[in-house]
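Down below is the structure, laid out as structure tokens.
Quick note on labels: first sequence line is chain A, next is B, and so on, each numbered from 1.
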Amino acid sequence: MPELPEVETTRKGILPFVDKQTVAKIIIRQPKLRWEVPDAIHDMEGEIIQSVTRRGKYILLETSKGTALIHLGMSGSLRVLDVGVAAEKHDHVDFEFSNKKLIRLRDPRRFGAVLWATKNPLKHKLIRSLGPEPLGDDFNTDYLFLASRGRKVSIKQFIMNGHVVVGVGNIYACESLFKAGISPKALAGKVSKKRYEKLVEVIKEVLARAIEQGGTTLKDFVQVEGNPGYFQQELNVYGRAGEACLVCESSIKQIKQGQRSTFYCSKCQK
DNA sequence: AAAGACACCTGTCCGC
DNA sequence: TGCGGACAGGTGTCTT
């Protein structure tokens with residue numbers, strides 16, 4: 001579900017309701033997410049949220065006692081609601097605030113996570129080895145080209161690897177490769193520097209545009225106040241197997257790479 | 001270090 | 001209508 005644009009949309013959505021607010025209470029209905037929600041998360045209660053940031057697909061809620069790390073997995077979402085609104089199925093964790101708002105994590109598949117870091121969260125095991133932010137300056141042609149040398153995986157799997165660059169999931173990997181005119185099957189180690197230059201450019205464009213559009217709603221992604229994203233209207237290949245390429249009209253193909261579906265145009269992408 | 005398979009879990013959709 | 005199987009926006013872990 002959420003890739004970087006959806007997570008960033010979520011972060012921006014909760015920000016005005018929780019930043020500088022005091023955590024009143026944390027309710028854990030289902031602790032068994034991808035990892036068990038640690039009891040120590042209750043140390044947040046009574047603390048003020050000092051910042052609401054994002055690293056990769058993790059949302060970080062910082063307090064003076066520690067930082068909550070929230071990951072939405074494949075099916076997770078955060079909603080802003082008023083304290084007292086009844087929880088429904090799959091509503092696993094609530095963060096209640098003294099302003100009577102709450103942030104509710106819903107995650108049917110439970111691949112998401114709520115963790116607690118008492119030290120520098122950027123040094124947390126799951127975060128410290130992540131690749132650069134795709135919209136930052138250290139994600140650039142030189143970096144990506146150098147990182148790709150000697151790599152035998154496909155370019156698509158390469159850019160989806162969070163240790164190479166964070167935030168590029170299945171949708172935006174497919175869309176970026178289409179816009180760059182690169183076959184998803186090309187081997188990462190064989191792609192020219194010139195083509196990496198184009199790829200870096202389009203990844204930044206595609207992600208920035210998707211954030212502007214509030215993310216992609218395929219089925220159940222919603223922004224924190226329940227509205228869908230709109231980027232799905234701009235998808236060129238993802239989910240369009242058998243349909244006509246919007247550029248050349250040949251049929252969009254679907255294959256499996258690393259057990260994930262890949263959509264591409266074999267005429268536009270070489 | 002790198003690559004590939006597998007794991008986690010629930011809901012939905014499609015074909016019979 | 002029911003049932004089995006495939007599939008879904010992610011990513012850590014284990015094995016080669």
(message) Tell me if the side-chain of R34(A) makes a donor-acceptor pair with the base of dT11(C), cut-off 3.5 Å, by modelled atom types.
(response) yes

(request) Can you check whether any acceptor in the base of dC9(B) is under 3.5 Å from a donor in the side chain of R109(A), or vice versa? (result) yes

Side chain of [X], heavy atoms from C-beta onward: which of [options] has the nearest atom to it?
X       : options                  : result
H163(A) : dG12(C), dA8(C), dC9(B)  : dG12(C)
K57(A)  : dA3(B), dA5(B), dT11(C)  : dT11(C)
V153(A) : dG11(B), dA3(B), dT11(C) : dA3(B)
Q259(A) : dA3(B), dA5(B), dA8(C)   : dA5(B)
H90(A)  : dA8(C), dG11(B), dT11(C) : dG11(B)

Please classify the nucleic acid contact of [X] as base, sugar-phosphate, or nothing, using heavy-atom distances under 4.0 Å.
X       : answer
Y58(A)  : sugar-phosphate
G169(A) : sugar-phosphate
R151(A) : sugar-phosphate

Let me know the distance between [atom1] of [X] and [atom2] of [N], rounded to the nearest Å.
X       : N       : atom1 : atom2 : result
Q157(A) : dG10(C) : CD    : P     : 13 Å
D107(A) : dT11(C) : CG    : C1'   : 13 Å
M74(A)  : dT11(C) : CE    : C1'   : 10 Å
K152(A) : dT16(C) : NZ    : C1'   : 16 Å
R106(A) : dC9(B)  : CZ    : C1'   : 16 Å
R260(A) : dG4(B)  : CZ    : P     : 15 Å
W35(A)  : dC9(B)  : CH2   : P     : 13 Å
L33(A)  : dA7(B)  : CG    : C1'   : 16 Å

(message) Say we look at dC3(C) and dC9(B): how far apart would their P atoms be, to the nearest angstrom?
(response)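 Their P atoms lie roughly 23 Å apart.
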
(message) When you measure from the side chain of Q257(A) to the backbone of S154(A), do you find a donor-acceptor pair of N or O atoms at a distance under 3.5 Å?
(response) no

(request) Ignoring hydrogens and angles, tell me if any N or O in the side chain of S148(A) forms a donor-acceptor pair with the backbone of F145(A) under 3.5 Å. (result) yes

(request) Identify, between S261(A) and G167(A), the residue whose nearest nucleotide on DNA chain C lies closer to the 5' end. (result) S261(A)

(message) Could you spell out the base pairing of DNA chain C as a dot-bracket line? Use Watson-Crick and G-U wobble contacts where both distances are under 3.5 Å, [ ] for crossing pairs, | for partners on a different strand.
(response) .|||||||.|||||||

Carboxylate-amine/guanidinium proximity below 4.0 Å for [X] and [Y]:
X       : Y       : value
K101(A) : E96(A)  : no
K57(A)  : E3(A)   : no
R104(A) : D94(A)  : yes
E201(A) : K179(A) : no
R209(A) : E205(A) : no

Phosphate-side-chain proximity, [X] and [N], N/O vs OP1/OP2 below 4.0 Å:
X       : N       : result
K89(A)  : dG11(B) : yes
K125(A) : dT13(C) : yes
H71(A)  : dG10(C) : no

(request) Map G258(A) and K32(A) onto DNA chain B by nearest heavy atom, then report which one ends up closer to the 5' terminus. (result) G258(A)

(request) Please test T141(A) against K193(A) for side-chain hydrogen bond (donor to acceptor under 3.5 Å, both in side chains), starting from the C-alpha separation and ending with a verdict. (result) CA-CA 7 Å; T141(A) 307; K193(A) 192 164 188 178; over 6 Å; no

(request) Check whether any side-chain heavy atom of L4(A) sits under 4.5 Å from a side-chain heavy atom of I211(A), and report yes or no. (result)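 L4(A) vs I211(A): side chains touch.
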
(request) Report yes or no: is the ring centroid of F111(A) under 5.5 Å from the six-membered base ring centroid of dC8(B), with the two planes under 30 degrees? (result)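 Check passed, F111(A) stacks on base of dC8(B).
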
